[in-house]
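Reading through the structure tokens given below for one structure.
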Amino acid sequence: MPISTHNAISIVELCSTLRQLQQLHGHVLAAGVLHDPSLFAKFVATLALCPKTPHHLNYSYELLAHSPHLPSLFALNSMIRAHSKSPMPLQSFLFYRQILFADALSPDNYTFTFLIRACTQASAMGAGRAAHAAALRRGFRSDAHVQCGLIHMYAEFGSRDAFRGVYAELQSPDLVTQTAMVSACAESGEVHLARELFDKMPHRDVVAWNAMIAGYSHMGRSREALDLFGLMQAEGVRIGEATMVSVLTACAHLGALDQGKWVHVYVEKNKLRITVTLGTALVDMYFKCGCVARAMDVFWRMKERNVYAWSSAISGLAMNGAGEKCIELFKRMEEEDGVLPNEVTFVALLHGCGVAGLVEEGRELFKSMKIRYGIEPRLEHYGCMVDMYGRAGRLEDAVSFINVMPVEPHAGAWGALLNACRIHKNIELGEFAMEKMMQLESRNHGAYVSLSNIYAESRNWGGVSDVRESMKAKGVRKEPGCSVIEVDGQLHEFFVGDKSHAKYPEIEVMVKEMLRRLRLAGYVSRTNQVLFDIQEEEKEDALCWHSEKLAIAFGLMSLRDSVAIRIVKNLRVCWDCHETSKFVSKVFDREIVMRDRNRFHHFKDGFCSCMDYW
DNA sequence: CTAGGGTTAG
């Protein structure tokens, strides 16, 4: 029996792949009903929903081109919509022009909504402004969908005044538009404004909550993200996948393992499907809390793994010092899942080669990046290479790599070289790197600290005090060291010499007791790590109150014997604290997992996973 | 057939 138009429309809705649609196409052709305008439109609309390959678009385009009828506004809108989500969003304008040139058609609110999204996707500011102007000319000044799209677009462009202007023109913005505005403000760095708006909203649904939580998460204000999540639960709002993803991002940033685990349990209890996105967020959270085995477990259980998932695993292994495994994973991603790497994957991979000292492998992979995958190395990749050579002690190679970089070396490259000079105690080259660094970023805290450490290592106190003087002259302050430890799901924050904790008196006793026992075991403090040329005893005293030591002592007194002490530090760990941690792991038979600005240190039985190489 | 929230690095 030949297929009817009506049947065909129902069947189109059931199609989810291009193949199925093509088969249906055959039947429809045979039945001679292909060019029914509503069937055609349905075809195009369905294709628009699965725009993974350009073939879908070509296919719809063929349909359009061979249709004996003039395309309807609906069909053209569908084409604009489909292209807006494709890798070539600006092709949308071809169909917009067709609408303009067709006597019987004129663009409607749908047209502009999709067109604006296309400009957003393409980061095309000029086109976006043109679309905005056209929408206004045609009277869509108060269309909620169009205006909402504009807010989103200008936020993506970073045009704060533009999205504010759009919002200010609105008579009474609805829930969706208000949410868009909350996101826009947060994204442009005005989290406070976003929160004000959010608090003033008469009704807030899940998405509105998510927008605000994500706003905090993205700006690195993770504590506030978690606080707001608490409030959301208290209000009994239904919690969904997107909420969990933002919460996990915050947990990962803070290294809040207990809270992250809680999310994982919640997800399993409530049988939320672990999608790629949620899975990736979980994997990332576990890695950033130093739980390599758990992270990999979640990773392998994921039903689907895309380039985000693979990259986060590779990056996680790199952070935790497992360079060989990074390379292994990199090979498997293409072999097993057919996933191709992107530039982020390579940053992670090269970083992994660097921390593991796999120079030859790193060089090969760097070459393959362009040749095999067509990815042009960017600044970050060059930075990784300099770091890799430098760490391995191949300082000349690092320098010549900087010299042959086709792009102007950035602060990151000089910083990597400077750090390498610290590790390998090369004063002269270190001073050179510092000079270059100062021309680019004269207020880079880390650089001053590195250089000062280079001098201190060789007991060059004149150099140390010069560094201090030049910091003072430029008004650069050393960023205060801060360590965070989670106990019973509560995060406790310690700064250097910080006495503000409620249990400080006990902590002080514990630090002294801890150091006494370490000294008995042979620990000697390395006073040359102190920035200033003060008296030896004072130096030792200053070292005692580094934030890591306070946090470790607090961990020792508050956590059960069997649990590892997990610490997150905002700066790089200093040599003395690193040494202390090694001793504690042995003397107190306690695992310590420390995340510093760059990587993880897993201390066990007196050794660190970084092999003192960081 | 529209609009708002979510994942990898630095």
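Chain letters run A, B, ... following the sequence lines, proteins first, then strands; residues in each count from 1. Here the structure is a predicted model, which is why all the values come from computation and not from measurement.
A:Y110 OH to A:I80 CD1: the interatomic distance, rounded to the nearest 0.5 Å, is 14.0 Å. The distance from atom NE2 of A:H192 to atom CD of A:E224, rounded to the nearest 0.5 Å, is 10.5 Å. Summarising the geometry, atom CZ belonging to A:F198 is positioned 5.0 Å from atom CG belonging to A:L228; distances are rounded to the nearest 0.5 Å. How far NE2 of A:H132 is from CZ of A:R141: 7.5 Å, rounded to the nearest 0.5 Å.
Contact annotation: A:R117 side-chain N/O to B:dT2 OP1/OP2 distance is not under 4.0 Å. One finds no side-chain N or O of A:H253 lying less than 4.0 angstrom from the OP1 or OP2 phosphate oxygen of B:dG10. Between A:S315 and the phosphate of B:dA9, there is a side-chain N or O to OP1/OP2 separation shorter than 4.0 Å. Residue A:T275 places none of its side-chain N or O atoms closer than 4.0 Å to OP1 or OP2 of B:dG6.
Distance from the side chain of A:H218 is smallest to B:dT7 among B:dT8, B:dT2, B:dT7. Set against B:dG4, B:dC1, B:dG10, the side chain of A:R81 has B:dC1 as its closest nucleotide. Side chain of A:H351, nearest nucleotide from B:dG10, B:dT7, B:dT8: B:dG10. The listed nucleotides are B:dC1, B:dT2, B:dT7; the one nearest the side chain of A:T249 is B:dT7. When distances are taken from the side chain of A:V245 to each of B:dT8, B:dT2, B:dG6, the shortest belongs to B:dG6. For A:L175, whose side chain is taken as the heavy atoms from C-beta onward, the closest listed nucleotide among B:dG4, B:dT2, B:dT8 is B:dG4. Closest contact between the side chain of A:K288 and the listed nucleotides B:dG4, B:dT8, B:dC1 involves B:dT8. Comparing atom distances between the A:S312 side chain and each of B:dA9, B:dT2, B:dT8 picks out B:dT8 as nearest.
Atom P of nucleotide B:dT2 and atom NZ of A:K85 are separated by 9 Å, given to the nearest angstrom. Remark: P of B:dA3 and CZ of A:F112 are 16 Å apart, rounded to the nearest angstrom. To the nearest angstrom, C1' of B:dG6 lies 13 Å from CG of A:D284. In this structure, CG of A:D205 is placed 15 Å from P of B:dA3, rounded to the nearest angstrom. If you take CE of A:M302 and C1' of B:dG6, they are 13 Å apart, rounded to a whole angstrom. For the pair A:F330 CZ and B:dA9 P, the computed distance is 17 Å after rounding to whole Å. As rounded to whole Å, 16 Å separates atom C1' of B:dG10 from atom CG of A:L440. In this structure, A:L73 places its CG atom 15 Å from P of B:dT2, rounding to the nearest Å.
The shortest non-hydrogen separation linking A:D596 to A:R572 is OD2-CA, 3.7 Å.
Cation-pi contact between A:R305 and A:F299: present, with separation from the ring centre below 6.0 Å and deviation from the ring axis of at most 45°. Taking the ring axis of A:F112 as reference, the NZ or CZ atom of A:R138 does not stay both within 45° of it and closer than 6.0 Å to the ring centre.
Applying the 3.5 Å distance criterion, the base of B:dT8 shares a donor-acceptor pair with the side chain of A:S311. Not a single donor-acceptor contact under 3.5 angstrom links the side-chain atoms of A:T277 to the base of B:dG6.
Ring pair A:W262/A:F229 is perpendicular by interplanar angle, where above 60° counts as perpendicular and below 30° as parallel.
Here A:H381 lies out of heavy-atom contact (under 4.0 Å) with every strand. When heavy atoms are screened at a 4.0 angstrom cut-off, A:A242 is found touching base atoms of the nucleic acid. A:F114 comes within 4.0 angstrom of a base, heavy atoms only. Within the 4.0 angstrom heavy-atom criterion, base atoms lie near A:R378. Within the 4.0 angstrom heavy-atom criterion, base atoms lie near A:A144. Across all strands, A:D143 comes closer than 4.0 Å to no nucleic acid atom at all (heavy-atom distances).
Against DNA chain B, the stretch residues 146-155 of chain A makes heavy-atom approaches under 4.0 Å through A:C148, A:H152.
Remark: side-chain polar atoms of A:N270 are paired, donor with acceptor, to backbone N or O of A:Y266 under 3.5 angstrom.
Residue ring and base: A:Y308 counts as stacked with B:dT7 (centre distance below 5.5 Å, interplanar angle below 30°). Put simply, A:F74 does not rest on the base of B:dC1: the two rings are not both less than 5.5 Å apart at their centres and under 30° in tilt.
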